[in-house]
Amino acid sequence: MTSIPAHAPAKRKILCVVGTRPEGIKMAPVIRALVAAPWAEVRILATAQHRQLLDQVLGLFGITPDRDLDIMEDGQSLAGLTSRLLARVDEVLAEEKPDIVVAQGDTTTVFTMALCCYYRNIPFAHVEAGLRTFDRHSPFPEEMNRVVASYLADLHFAPTERAKANLLNEGVAPERIFVTGNTVIDALHYQAKRVDELDAYVDPAKRLILVTAHRRENFGAPLASICAAIAELAERYEDLHFLIPVHPNPNVAGTINSILGGLPRISLCEPLDYAQFVAALKRCYLVLTDSGGVQEEAPALGKPVLVMRTDTERPEAVEVGVARLVGTDRIVIFDEVSKLLTDNENYALMARGGSPYGDGYAAQRIVTAIANFIT
Ligand code: UD1
Ligand code: UDP
């Protein structure tokens, strides 16, 4: 339960911000918990840095934005997106005058909102704070977005003790950091209870491998190498079926469609709504991904996850042995997947489940900390 301070005065205005698909998923539990808090007047801003992907999530969670900047342009550049966001977000802050702003993660939406809050001296609460690779180019530009957001934030909701330690090392005051777990586990529990059936066709006789890829640092040759590995695996192992919901970023969709389109045992599909994606996670044998959120979700459902990156700001699952960094090299991916397909002991170790990222109550902890901060 959210604790409400006895002295709680008039309602406080909380502006919750969402820009992309993962922000929608990870903010949904926070928004729901805030809406239930009697001291909070909740306003929701969609920057719509993502259009279709964000709408899909907000629809599923029944969230209707009060304001929508409809900022996305096809093939948007980082600088173009950043400058449009800075101008429009600042207008919203000027008009809404919130008591606090809450945002999640490491996107351009979050970085620009944190900066605009700082300029207007409005407290900024950062959900999923303190994740670091310590490589400013990986993930790009997310590592830098997250570091800058930490410098600008007033409240830091760290999902793990390691994330908290990263923030302490950077000089963040301990009383401003709260270890809450990751709200993605709250969202996952909510959806996992509600849906079992996967609508997309997957051959029931085959082992399903779920694949997602979209990182900017993997555009071009690394993504082509990932696709080549998948093509070889599908050819070599006839009992596999690959399901690949293709991210609409043209740099991703172009490569995946041109290399993997039309190949047997490989289904390319539109992005799945979150309920369907969770159903696919539950149904699959293993996951290949460069996503942040999927690295957190797969272990929670007991699915081995091979991370197609050279480093991760989410090392906890790698350390406990339920995720493995495999990079983007064609041969390494082929070999690592083969190991899991052929070595039952190896598979069982990675499929034992248990999430280091939370217990499903992160949103309640976050709302309690916000209440204590602003009331
Ligand atoms: C963004 C985030 C990334 C996050 C990812 C989640 C930044 C810089 N990047 O990357 O951190 O991991 O979202 O998916 O903040 N597009 C559509 N429809 C959509 C969404 C995207 O058509 O609903 C296409 C558009 O052409 C758009 C392009 O994808 O210009 C890129 O979108 P953008 O948000 O800039 O980058 P992502 O790669 O999606
Ligand atoms: N996801 C989804 N449908 C898909 C692919 C992913 O709902 O077709 C969800 C996934 O469960 C996770 C989130 O989107 O919660 C991850 O988003 P993405 O990989 O785009 O971004 P990242 O987490 O890397 O920032």
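Along the sequence shown, the residues carry numbers beginning at 1. Every number for a ligand or one of its atoms is a count from 1 in the order of the listing.
For the pair Glu96 and Arg67, the salt-bridge criterion is met [side-chain N within less than 4.0 Å of a carboxylate O]. Ion pairing of Glu73 with Arg84 is present here, as a side-chain N (NZ or NE/NH1/NH2) and a carboxylate O approach within less than 4.0 Å. Looking at Lys339 and Asp335, no side-chain N of the basic residue comes within less than 4.0 Å of a carboxylate O on the acidic one, giving no salt bridge. Between Arg43 and Glu95, no side-chain nitrogen of the basic residue sits less than 4.0 Å from a carboxylate oxygen of the acidic one, so the salt-bridge criterion is not met. Using a 4.0 Å cut-off between a side-chain N of Lys or Arg and a carboxylate O of Asp or Glu, Asp239 and Arg207 qualify as a salt bridge.
Under 3.5 Å, the side chains of Glu128 and Gln104 contain a donor-acceptor pair of N or O atoms. Thr180 and Tyr361 are not linked by any side-chain donor-acceptor pair at a separation below 3.5 angstrom, with hydrogens and angles left out of the test. Of the N and O atoms on the side chains of Gln49 and Thr109, at least one donor lies less than 3.5 Å from an acceptor on the other residue. At a cut-off of 3.5 Å, with distance as the only test, no side-chain donor of Arg146 or Asn166 sits close to an acceptor on the other residue.
If you check which protein heavy atom lies closest to atom 31 (C) of ligand 1, you get Asn249 ND2, 3.4 Å. Scanning all protein heavy atoms for the shortest distance to atom 4 (C) of ligand 1 gives His214 CE1, 3.8 Å. Looking from atom 27 (C) of ligand 1 to the surrounding protein, the closest heavy atom is Glu73 O, 3.6 Å. For atom 22 (O) of ligand 1, the closest non-hydrogen atom of the protein is Met72 CE, 3.5 Å.
Counting heavy atoms from C-beta on, the side chains of Gln295 and Arg309 come closer than 4.5 Å. Counting heavy atoms from C-beta on, the side chains of Leu155 and Pro123 never come closer than 4.5 Å.
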All N/O donor-acceptor pairs, side-chain side in residues 216-225, below 3.5 Å, sequence neighbours left out:
from: Glu217; atom 1: OE1; to: Phe140; atom 2: N; distance (Å): 3.1
from: Asn218; atom 1: ND2; to: Asp290; atom 2: OD2; distance (Å): 3.1
from: Asn218; atom 1: ND2; to: Met308; atom 2: O; distance (Å): 3.2
from: Ser225; atom 1: OG; to: Thr328; atom 2: O; distance (Å): 2.5
from: Ser225; atom 1: OG; to: Arg330; atom 2: N; distance (Å): 3.0

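Of the polar atoms of Pro248, none of the N or O atoms is found under 3.5 Å from an N or O of ligand 1, judged by distance alone. Note: an N/O pair closer than 3.5 Å links Gln52 and ligand 1 by distance alone. Of the N or O atoms in Thr109, none lie within a sub-3.5 Å distance of an N or O in ligand 1. Considering backbone and side-chain atoms alike, Arg51 places an N or O below 3.5 Å from some N or O of ligand 1.
Ligand 1 places these atoms under 4.0 Å from at least one heavy atom of Thr107: 11 (O), 15 (O). Atoms of ligand 1 found under 4.0 Å from any heavy atom of Gly75, numbered from 1 in the order shown, are 25 (C), 26 (O), 27 (C), 30 (O). Taking every non-hydrogen atom of Leu53 and a distance limit under 4.0 Å, the qualifying atoms of ligand 1 come out as 19 (C), 23 (O). Residue-ligand proximity, Arg215 to ligand 1, at heavy-atom distances under 4.0 Å covers atoms 11 (O), 12 (O). Within ligand 1, counting atoms from 1 as listed, the ones closer than 4.0 Å to a heavy atom of Pro250 are 26 (O). Every atom of ligand 1 with a heavy atom of Leu78 under 4.0 Å away is listed here by number and element: 8 (C). Counting atoms of ligand 1 from 1 in the listed order, those under 4.0 Å from a heavy atom of Pro141 are 8 (C).
Of all the heavy atoms in Arg365 and Asp359, the pair that sits closest is NH2-OD2, 2.5 Å.
When non-hydrogen atoms are compared, ligand 1 lies under 4.0 Å from the backbone of Thr108 as well as from its side chain. Contacts between Pro22 and ligand 1, counted as non-hydrogen atom pairs separated by less than 4.0 Å, involve the side chain only.
For atom 36 (O) of ligand 1, the nearest non-hydrogen atom from the set Arg216, Gln49, Gln76 comes from Arg216. Remark: among candidates Glu142, Glu23, His50, the nearest residue to atom 37 (P) of ligand 1 is His50, based on non-hydrogen atoms.
Among residue pairs with one or both ends in residues 244-258, none qualify as salt bridge (charged side-chain N to carboxylate O under 4.0 Å, His left out); sequence neighbours excluded.
Under the 4.5 Å side-chain contact rule for hydrophobic residues, Val252 and Leu53 do not share a cluster.
Pocket lining of ligand 2, defined as residues with a non-hydrogen atom under 4.0 Å away: Arg21, Pro22, Ile25, His214, Arg215, Pro245, Pro271, Leu272, Tyr274, Phe277, Ser291, Gly292, Gly293, Val294, Glu297.
At a 4.0 Å cut-off, not a single heavy atom of Gln56 sits close enough to ligand 1 to count as contact.
Shown here are the side chain to side chain donor-acceptor pair (under 3.5 Å) partners of Thr310, two or more places apart in sequence or in another chain: there are none.
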